[in-house]
Amino acid sequence: MRYAHHLGLFGLVMACGIFPTLASAQPSTGEAPTRPGQHRVSGEFDFYHSGVYSSAFLGPAIYARFRLYDARAGMAVLSGENGFVVDLDAAWRGVGLVGDVSEFRMGNPFVGLRIGTDGEAFTARAGLGVTLPLTNAYDDMSFDVLALYLVGIGTHGVWDLELVTPQTVALMLTGDTQLRSSMFMAGGDAGFTTLFSVPRDGPAGDPDLVLKLGVYGAVTPIPQLAVGLRFQMVTLINTGGVGARSGEEGYLALAPFVRVLLGPAFAELRLWMNLDDPYGFAFDEGKFWSLALSGGINF
């Protein structure tokens, strides 16, 4: 099914270390850097109540980052100096409705490589990744199932729509950077995606382009606590010809968050708030917001 068809229905519907700064709770971007020498695995659970269906939206997800290579020797890592690193990223989200309408689908898993520099006070990386069209394993694309995917897209402010857009394959260029001090952290992440249509039946349409930019900041009054705010922008561009969806579609969202570090483990509560149509303003009647509770471990 063409991605444009999905968009046409929109209106319907986080580290532990030796030094205090290394041990501080990292602010969440959804793509939070792994601390030097560490891997990270986390799970997330989204909740949103849909007045349209009188159903609860439940969205489980798993995120992982593994440090494949670190050019620094052991003492260089511990001293906090920057060095060349290679990370493997993976993500997989599911979407579900429980209530008057009950449906559940897993989305398209993501895997990617990211290279750059990492240290105690600064991280900068760039990478390339793909999503796999697992959603093509489902043969049901009813209105309720399509609406389910659309709600899943809206609950993260459209940021990671590649993970829950059915019958697509995404080629993603990504980048992120972060500055850290003992009391404050700030950073940003960006992405450029080519979203290819891979329908189960019929011809594939033209690809869509997705441009993403997010910025965030957080205060860390104690090393184990981060309180912050994220702002993000997503633009969708259709590449089709006459008769295709024309122009660009933009989406804005805010996400305040609180993150706690408990030894090697961490937990975070995040509120995703859409700011503009068709998903926002978040708390207007019939609009979209979500609470996301996540937790995981650094090792």
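Judged by distance alone, the side chains of Arg180 and Thr123 do bring a donor and an acceptor atom under 3.5 Å apart. Judged by distance alone, the side chains of Gln38 and Arg40 never bring a donor and an acceptor atom under 3.5 Å apart. Checking Glu162 against Thr131 by side-chain atom types alone, no donor-acceptor pair falls below 3.5 Å. Asp46 and Thr155 form no side-chain donor-acceptor contact under 3.5 Å, judged by distance and modelled atom types alone.
A distance of 11.0 Å separates CG in Leu209 from OG1 in Thr235, rounded to the nearest 0.5 Å. If you take CG on Leu275 and CG on Leu254, they are separated by 4.5 Å, rounding to the nearest 0.5 Å. Note that CE of Met183 and OG1 of Thr220 are 6.0 Å apart. Values are rounded to the nearest 0.5 Å. The structure places CG of Leu229 at 7.0 Å from CE of Met273, a figure rounded to the nearest 0.5 Å. Between Phe266 atom CZ and Ser294 atom OG the span is 7.0 Å, to the nearest 0.5 Å. Taken from CG in Leu150 to OG1 in Thr165, the straight-line distance is 8.5 Å, to the nearest 0.5 Å.
Residues Leu271 and Leu252 are members of one and the same hydrophobic cluster, defined by side-chain heavy-atom contacts under 4.5 angstrom among Ile, Leu, Val, Met, Phe, Trp and Tyr. Criterion: ILVMFWY side-chain heavy atoms under 4.5 Å apart, direct or through other members. Under it, Val227 and Leu179 are not part of a common hydrophobic cluster. Each of Phe122 and Met185 belongs to its own hydrophobic cluster when Ile, Leu, Val, Met, Phe, Trp and Tyr are linked at side-chain heavy-atom distances under 4.5 angstrom. Ile115 and Val85 are members of different hydrophobic clusters when ILVMFWY side chains are connected at heavy-atom separations under 4.5 Å.
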Inset, instruction - Show the numbers, then the answer: is there a side chain to side chain contact (heavy atoms under 4.5 Å, CB included) between Phe110 and Leu163? - result: CA-CA 7 Å; Phe110 166 83; Leu163 301 182; 3.6 Å; yes
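For the pair Arg230 and Phe257, the cation-pi test (distance below 6.0 Å, angle within 45°) is failed.
In this structure, Leu132 places its CG atom where more than 12 heavy-atom neighbours from other residues, nucleotides or ligands lie under 6.0 Å away.
Look at Asp87 and Arg114 and you find no salt bridge, because none of the NZ, NE, NH1 or NH2 atoms lies under 4.0 Å from a carboxylate O. Note on Arg93 versus Glu44: no salt bridge recorded, every NZ/NE/NH1/NH2 to OD/OE distance being 4.0 Å or above. Salt-bridge formation is not detected for the pair Lys212/Asp189: no Lys NZ or Arg NE/NH1/NH2 atom is positioned less than 4.0 Å from an Asp or Glu carboxylate oxygen.
Proximity of Leu161 to Leu236: side-chain heavy atoms (C-beta onward) are separated by under 4.5 Å at one or more points.
A donor-acceptor pair under 3.5 Å links the side-chain atoms of Asn108 to the main chain of Thr135, judged by distance alone.
Exactly one of Tyr48, Tyr251, Trp272 qualifies for a ring-ring contact (aromatic ring centres under 6.0 Å, His included) with His156. That residue is Trp272.
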